[in-house]
Amino acid sequence: MNLSYGLLAGTDLPDGSTSEVERNWTPDSGRGYYAQAARQAAMRIMYVVANSNAMNFIGEDTRIVSYDPEWFAVRDALVTAAVVLFVISVAAVVATSVWNEICDRRGKRKGE
């Protein structure tokens, strides 16, 4: 979708380049619906900026404290334990496969 059609469809901040066709679709070109869509997009952008944290008295000297619940530590320990067990099991499977291949090549499989 080009910039003009995107703006008419409700896109506020288009991502892309402008072409010659899009440059002809300006508010001065006599197309009132395009001018109205551009006004709506500008209004929505200004509304978002005005109601963002940048406008809610949060500045350089503001300290934001984040808190992690205690169960996060338990969750992290369980995930770490699961990963360690998985790595150990994969290593055991690979070692067993390598050992069986070595025994097959020598012709001395244990138990035969």
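Please read all numbers here as calculations on a predicted model, not as lab measurements.
- Other members of the hydrophobic cluster containing I88, listed by chain and number, are V84; membership follows side-chain contacts under 4.5 Å among ILVMFWY residues, whether direct or relayed.
- For R75, there are no side-chain hydrogen bond (donor to acceptor under 3.5 Å, both in side chains) partners two or more places apart in sequence or in a different chain.
- Its side chain outside the 4.5 Å cluster rule for every partner, M43 clusters with none of the Ile, Leu, Val, Met, Phe, Trp and Tyr residues.
- With sequence neighbours left out, D76 forms a side-chain contact (heavy atoms from CB on, under 4.5 Å) with no residue at all.
- Taking every heavy atom of both residues into account, V49 and S52 meet most closely at O-OG, 2.8 Å.
- Shown here are the salt bridge (Lys or Arg N to Asp or Glu O under 4.0 Å) partners of R39, two or more places apart in sequence or in another chain: there are none.
- Minimum interatomic distance between A41 and D12 (heavy atoms only, all atoms of both residues): CA-OD1, 3.5 Å.
- The distance from the CZ atom of R63 to the CG atom of D61 is 12.0 Å, given to the nearest 0.5 Å.
- Using a 4.5 Å cut-off between side-chain heavy atoms of Ile, Leu, Val, Met, Phe, Trp and Tyr, V98 falls into a hydrophobic cluster with F86, V90, V94, I102.
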